[in-house]
Student: 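Take this structure, written in structure tokens, and hold onto it; I'll ask about it next.
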There are 2 protein chains.
Amino acid sequence: MNRPLAFDRLNHILQSLDASGSVSVGELAERFGVSKETIRRDLKSLADQGRVSLVHGGATLGLPAEPSLSRREAENAPGKAAIGRKAASLVRDGMVVLIDSGSTTLFLAEALITREHLTVITNSLPIALTLCRTQVVKTIMLGGEIHANDEASFGVDTLELLRHYTVDLAFVGAGGISDEGDFTDYTRLAAEQRHLMLKAGRKAYVVADHTKFERRTPVTIAPTPSLAGLIIDRLPDELASARAAQQRWPILLA
Amino acid sequence: MNRPLAFDRLNHILQSLDASGSVSVGELAERFGVSKETIRRDLKSLADQGRVSLVHGGATLGLPAEPSLSRREAENAPGKAAIGRKAASLVRDGMVVLIDSGSTTLFLAEALITREHLTVITNSLPIALTLCRTQVVKTIMLGGEIHANDEASFGVDTLELLRHYTVDLAFVGAGGISDEGDFTDYTRLAAEQRHLMLKAGRKAYVVADHTKFERRTPVTIAPTPSLAGLIIDRLPDELASARAAQQRWPILLA
DNA sequence: ATATAAAACCACAAAATGCCACATCATGCC
DNA sequence: GGCATGATGTGGCATTTTGTGGTTTTATAT
């Protein structure tokens with residue numbers, strides 16, 4: 001099998017791949033002080049296991065890159081709008097609501113612009129901008145490092161701010177849903193943050209459209225007891241992930 | 001030599017296309033440090049996959065990008081744009097920069113979108129959104145309660161986050177300029193926050209257009225020794241406030 | 001319409017990468 | 001120790017990518 005040295009190398013490769021999404025043969029060879037050919041063989045073995053995909057000059061994550069926000073908005077827009085309206089119907093005037101970033105929750109925010117005496121806490125720049133322009137909804141932005149793809153903040157600052165707030169309702173997104181019915185995410189950090197968001201709500205809902213049942217993302221979001229339900233546009237019963245979710249959580253169909 | 005991955009280039013192109021709706025060959029070539037011909041080949045291959053459509057000078061998704069709302073509404077837009085460019089000329093690659101909210105600073109942000117290896121910290125939602133969409137500038141949003149008129153955060157959370165950061169350059173706005181040459185603001189809270197922002201910069205600049213000399217606002221922003229200058233479009237010498245400012249601070253004319 | 005500058009296209013050269021075969025070295029095992 | 005095994009390095013050669021110079025096309029102003 002692999003010698004200890006080689007094993008370390010593979011780990012480091014996977015690790016930096018996780019961090020930046022791509023690695024180059026030249027950089028790795030230099031970093032580990034080995035020849036490029038060796039790195040190429042490493043990457044090839046990882047590719048054979050399906051853990052990375054090779055590109056000219058290096059490798060990238062085998063998982064498809066997270067689609068950008070504007071792309072996600074276009075995808076299944078009617079379904080997401082319905083989810084947004086359904087979620088908005090749970091919100092009553094005077095409540096304090098936490099809204100996660102994402103294309104689905106953006107529809108929720110738009111459904112809330114006519115409300116009054118509302119306080120909304122969010123980590124999403126577009127949601128904060130939309131709501132503060134109403135001049136009526138009191139808006140609180142969870143600051144911190146901005147993740148460009150989501151146009152939202154993730155990180156230690158965000159987590160720290162989150163700890164200060166407890167809300168009536170929390171609406172949180174997810175990257176995908178596993179065969180066990182667990183919610184999953186693209187990165188460890190995002191999963192942790194979403195977990196904290198769920199905990200911050202006296203009642204917490206996960207919003208997801210049906211395409212999430214078919215999407216696998218690597219990190220599991222730890223479940224929380226305060227989860228009041230899953231709001232979804234429809235439930236494809238031929239999928240294991242959908243059946244599992246149905247058993248584990250209350251389902252609210254939009 | 002190590003070549004940067006072509007794969008990353010394609011990703012960045014798609015992402016900035018998603019963000020802004022269009023890209024130009026020249027900009028991309030400069031940003032990645034490759035020849036225009038290479039960019040043309042990249043765009044062509046993406047066009048072959050039907051993922052972008054080519055136009056003379058670049059590529060597009062067909063979606064027209066709407067110019068930022070608050071920018072068009074701004075009074076004295078040409079003057080503020082000039083101030084933004086002047087301020088941007090003080091920023092060098094690799095710096096960490098703090099940018100206050102305001103229409104003038106929004107022009108500064110837009111002048112920075114072509115830069116690389118920049119970290120920008122801001123309390124303004126539109127500035128954070130604009131910069132994070134470049135996919136290149138690292139953006140940190142100072143969270144907290146959003147003040148609707150400014151579309152920016154002010155308050156205890158913002159002040160608390162601000163304490164964590166020290167930056168190379170700080171660009172801060174002001175509500176007005178007093179006859180003594182002091183900078184003034186509308187509220188006690190805003191004045192305190194701007195004071196802290198000025199202190200957070202190793203070098204700090206106040207940006208203001210000439211209309212500020214004629215405007216009185218109630219609270220004085222406490223002066224700071226690290227103030228490196230006042231960046232302004234022109235200096236009306238018939239006003240007491242202008243003469244006083246000229247005596248007290250270094251003036252940078254845009 | 002014509003002039004002009006910028007951009008696109010094309011073909012070829014240069015550089016970097018990938019692949020293969022073989023030599024070398026370390027390690028494990030008998 | 002001697003041998004087998006697997007990892008690593010080296011050099012040759014094919015492939016891919018990139019840059020360059022020249023020509024053609026396009027956009028825009030006069």
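Excluded from the calculations below are hydrogen atoms, water molecules and symmetry mates; all remaining heavy atoms, backbone and side chain alike, are included. So that the names make sense, note that chain A is the first sequence line, chain B the second, and so on, each numbered from 1. Owing to the predicted nature of the structure, the values given are computational and were not obtained by experimental measurement.
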Student: Could you tell me the separation between the CG atom of B/Asp42 and the P atom of C/dC9, rounded to a whole number of Å?
Tutor: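 It is 14 Å, rounded to the nearest whole Å.
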Student: Would you say the side chain of A/Arg41 and the base of D/dG6 hold a donor-acceptor pair, judged only by whether the two atoms sit under 3.5 Å apart?
Tutor: no
Student: At less than 4.0 Å, is any side-chain N or O atom of B/Arg9 found next to OP1 or OP2 of D/dT18? Yes or no.
Tutor: yes
Student: At less than 4.0 Å, is any side-chain N or O atom of B/Ser35 found next to OP1 or OP2 of D/dG19? Yes or no.
Tutor: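 True: B/Ser35 side-chain N/O within range (under 4.0 Å) of D/dG19 OP1/OP2.
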Student: Could you tell me how far apart A/Phe32 (CZ) and D/dT8 (P) are, to the nearest whole angstrom?
Tutor: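 Computing the A/Phe32:CZ to D/dT8:P distance gives 12 Å.
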Student: When the distance from NE2 of A/His56 to C1' of C/dG18 is rounded to whole Å, what number comes out?
Tutor: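 In whole Å, C/dG18 C1' lies 7 Å from A/His56 NE2.
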Student: Check the distance between D/dG22's P and B/Glu37's CD and give it to me in whole angstrom.
Tutor: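 Between P of D/dG22 and CD of B/Glu37: 15 Å.
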Student: From CD1 of B/Ile39 over to P of C/dC9, roughly how many Å is that when rounded to an integer?
Tutor: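 In whole Å, C/dC9 P lies 14 Å from B/Ile39 CD1.
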Student: Calculate the interatomic distance between B/Lys36 atom NZ and D/dG21 atom P; express it in whole Å.
Tutor: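 The answer, rounded to whole Å, is 15 Å.
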Student: For the aromatic rings, using the six-membered ring if either is Trp, is the centroid distance between B/Trp249 and B/Phe183 under 6.0 Å?
Tutor: yes
Student: Please evaluate residues B/Ser35 and B/Glu37 with respect to the criterion side-chain hydrogen bond (donor to acceptor under 3.5 Å, both in side chains), reporting the C-alpha separation (whole Å), side-chain torsions for both, the decisive distance (0.1 Å), and the verdict.
Tutor: CA-CA 5 Å; B/Ser35 75; B/Glu37 188 60 31; over 6 Å; no
Student: Give a yes or no answer on whether the side chain of A/Asn123 reaches the backbone of A/Gly143 with a donor-acceptor pair at less than 3.5 Å.
Tutor: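 No; judged by distance alone, with no hydrogens or angles, the pair does not exist.
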Student: Using whole Å, report how far CD of B/Glu27 lies from P of C/dA6.
Tutor: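 Going from CD in B/Glu27 over to P in C/dA6 covers 16 Å.
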Student: Parallel under 30°, tilted from 30 to 60°, perpendicular over 60°: which one fits the rings of B/Tyr205 and B/Phe171?
Tutor: parallel
Student: Taking atom P of C/dC9 as reference, at what distance in whole Å does atom NZ of B/Lys44 sit?
Tutor: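 Taking NZ of B/Lys44 and P of C/dC9, I get 7 Å after rounding.
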